[in-house]
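Numbers restart at 1 for each chain; the letters A, B, ... are given by sequence-line order, proteins then strands.
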Number of protein chains: 2
Amino acid sequence: MNKQVLLAKRPDGLPTLSTWKFEENKIPEPQEGEVLIKQHYISLDPAMRGWMREGKSYIPPVAINDVMRAGTVGEVIKANNNPKFKEGDFLSGWGGVQQYTVTNGDGYFKIDPNKAPLPKYLGIIGMPGMTAYFGILKVGELKEEDVVLVSGAAGAVGSLVGQIAKIKGCRVIGIAGGKDKCDYLVNELGFDSAIDYKNENVNSSLNQHCPDGIDVFFDNVGGDILDAALSNLRMHARIVICGAISQYNTTSKPKGPSNYLSLLVNRATMKGMVVFDFAEHYPEAIASYSKWLGEGKIKSKEDIYEGIENFHDTFLRLFSGEKLGKLVLKVLE
Amino acid sequence: MNKQVLLAKRPDGLPTLSTWKFEENKIPEPQEGEVLIKQHYISLDPAMRGWMREGKSYIPPVAINDVMRAGTVGEVIKANNNPKFKEGDFLSGWGGVQQYTVTNGDGYFKIDPNKAPLPKYLGIIGMPGMTAYFGILKVGELKEEDVVLVSGAAGAVGSLVGQIAKIKGCRVIGIAGGKDKCDYLVNELGFDSAIDYKNENVNSSLNQHCPDGIDVFFDNVGGDILDAALSNLRMHARIVICGAISQYNTTSKPKGPSNYLSLLVNRATMKGMVVFDFAEHYPEAIASYSKWLGEGKIKSKEDIYEGIENFHDTFLRLFSGEKLGKLVLKVLE
């Protein structure tokens, strides 16, 4: 049987158990030209919360009663004359929150489980890795010696952003929740300093850590942290808007950055990004990561939970902050 | 005697009469190397409200008990061995809200009263003109056929922004307060359409006027209008943050744009500008304006009031919207 998680209704605020419909259906048969993938890992990402919301966005929302959209890695266990993939191939793609997926292969690509453990294909060499790479280097227009601030710094994207900036010769300050995460940033990942937003006033800590201001702010969080960063900009600063996890579950209007006129004072730029725009350049990022991993210059961590039955609780860890690095759910092996 | 307006205290909200100190002092004598300027016109600009506020900005605030900072045009009536200027020269510069100014000439430049009436040097060929020109062309990266939205469109800067965009082959929508101003934009200045924010829902009017969204938004206003524009962006849109007149007199925190995640969805950019950064390129703008004025392609309007005694009431017109075009105060002639 194929265990699946469907979107039952659009949540108002934080998703609850009734947001989802848990189903067990017969494992589908691949039709002519299709493959059947047995999924090993499902990626859990903050962006998923956005896909549950109605309205215009960069991709259509997940429809009610559709399998919840999610990135996956798994193995082709049956192929029916698919032009690209055959049995035994490992594929990364948008398999959704389910154990088995039938697809014609569009949007999937082959990965090599011998080159890296499968969960890495959902992390550093997956969407978060691509987001970090192109977000900080292209959108953030990173330059050597920039002072770089990253929010959500212990997360899948943020931890890579900070490490890339260190590799490029920048001074890096991370914002994360709790002493453990902050210690991890400085001691394990080589950040220059870290601010614990749960126990510090971010604005005054920023003042202390970077009295001359920030050149690049890579924001995954929004809300008060974005306002604090805006209060500490250097001239010609760049703010990369990658996400706003603090605002995804608000039931009221999202909080806009009340300090946005700091953009004027500092001739600064705030720019939104969506990783898919860089798809044709992914190989460049993968090559860089491979090199840096080989040289021991970059670390990536996956936080792996087990069982599709635990999807809901695990998903909520994205918003409670109870995870470190890339959040992944193992569903079959 | 020299009538002067000094900043008596920093206002909380809209300036009141007690914000100012009205003084009459002896007309000063120019010392060695200085000139004495008799000021004809004083420029009244929204930016002045910002200069009254304490705290870090793009220039230092006006100090308490200093003459209020303002742009001026006037005539040198006494020169004491100044290396650049002599009696009879007409100068534009930062003379402040007073009738006579003594200066060594730094920051002043000579203007020709025969080439254009003096008030134009505070408008189209002054700071507002430079702001409009570089703001829309350089910061807004204007391209032919862009759909351009301008707020504060009947103001000194906005009216020029829209006309430049028309000259460059764009479709232009202006936002202004009241039917008269909207008629002026469309009938006199050639805007394609206008939205009366006092009597229309800006968001739904935008939906109607530009269903495919905006490429460039030039914002002088902020607040709800910025939010409405953010809800109607095209992919890769550019937002030029020139000012936020709706927020300058709030006694609470300024309203941040709660729709700022539209920057992400639309891969859009929000960029702050300060006109002084373009100082070395002013001659280019002046040449373009002269050409367009000569060809009858651009119009500029000054709204001129008289008497330094009326400074306070006239200044408030910036915020009540009771003026059309560039607000100027005639102080002496």
Novice: Return the option, out of Val265(A), Leu264(A), Ile239(A), Val240(A), with the maximum number of heavy-atom pairs under 4.5 Å with chain B.
Specialist: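 Between Val265(A), Leu264(A), Ile239(A), Val240(A), the count favours Leu264(A).
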Novice: Tell me which of these, Met273(A), Arg267(A), Lys271(A), has more heavy-atom pairs under 4.5 Å with chain B than the rest.
Specialist: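 The option with the most such pairs is Arg267(A).
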Novice: Side chain, backbone, both or neither: which part of Asn266(B) has a non-hydrogen atom closer than 4.5 Å to chain A?
Specialist: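 Contact with chain A: side chain only.
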Novice: Donor-acceptor pair, distance only, cut-off 3.5 Å: does the side chain of Arg69(A) make one with the backbone of Met48(A)?
Specialist: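 Between the backbone of Met48(A) and the side chain of Arg69(A) there is no qualifying donor-acceptor contact (under 3.5 Å).
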Novice: What do the steps show when you test Asp219(B) against Ser151(B) for side-chain hydrogen bond (donor to acceptor under 3.5 Å, both in side chains), and what is the final call?
Specialist: CA-CA 5 Å; Asp219(B) 191 21; Ser151(B) 65; 2.6 Å; yes
Novice: Among Gly50(B), Gly256(B), Ser57(B), single out the residue with the greatest number of heavy-atom pairs under 4.5 Å to chain A.
Specialist: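 Of Gly50(B), Gly256(B), Ser57(B), Gly256(B) has the most heavy-atom pairs under 4.5 Å with chain A.
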Novice: Can you tell which part of Met270(A) gets under 4.5 Å to a heavy atom of chain B, answering side chain, backbone, both or neither?
Specialist: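 Its backbone and side chain both get close to chain B.
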Novice: Treating Lys323(B) as the side-chain partner and Gly325(B) as the backbone partner, does any N or O pair qualify as donor plus acceptor under 3.5 Å?
Specialist: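 Such a contact is found between Lys323(B) side chain and Gly325(B) backbone.
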Novice: Could you check Phe276(B), Phe278(B), Phe218(B) and say which one makes a ring-ring contact (aromatic ring centres under 6.0 Å, His included) with Phe134(B)?
Specialist: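 By the ring-ring contact (aromatic ring centres under 6.0 Å, His included) criterion, Phe134(B) pairs with just one of Phe276(B), Phe278(B), Phe218(B): Phe278(B).
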Novice: What option among Pro254(A), Gly222(A), Pro257(A) has the most heavy-atom pairs under 4.5 Å with chain B?
Specialist: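 Result: the option with the highest number of such pairs is Pro257(A).
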Novice: Does any heavy atom of chain A fall under 4.5 Å from the side chain of Leu226(B), the backbone, both, or neither of them?
Specialist: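 Just the side chain, heavy atoms under 4.5 Å.
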Novice: Could you walk me through whether Ile164(B) and Tyr133(B) pass the side-chain contact (heavy atoms from CB on, under 4.5 Å) test, one step at a time?
Specialist: CA-CA 7 Å; Ile164(B) 295 171; Tyr133(B) 187 90; 4.3 Å; yes
Novice: What residue, out of Ile59(B), Val139(B), Leu261(B), Val274(B), has the most heavy-atom pairs lying under 4.5 Å from chain A?
Specialist: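 Most heavy-atom pairs within the cutoff with chain A belong to Val274(B).
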Novice: Tell me, for Ile241(B) versus chain A, whether the close heavy atoms (under 4.5 Å) come from the side chain, the backbone, both or neither.
Specialist: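 Both the backbone and the side chain of Ile241(B) come within 4.5 Å of chain A.
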Novice: Just by distance, do the side chain of Arg49(B) and the backbone of Ile245(B) share a donor-acceptor pair under 3.5 Å?
Specialist: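 It does not hold such a pair.
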Novice: Using non-hydrogen atoms only, which part of Leu233(B) is less than 4.5 Å away from chain A: side chain, backbone, both, or neither?
Specialist: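 Contact with chain A is through the backbone of Leu233(B) alone.
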Novice: Out of Arg234(B), Arg171(B), Arg238(B), which residue meets the salt bridge (Lys or Arg N to Asp or Glu O under 4.0 Å) rule with Asp146(B)?
Specialist: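 The residue from Arg234(B), Arg171(B), Arg238(B) that satisfies salt bridge (Lys or Arg N to Asp or Glu O under 4.0 Å) with Asp146(B) turns out to be Arg238(B).
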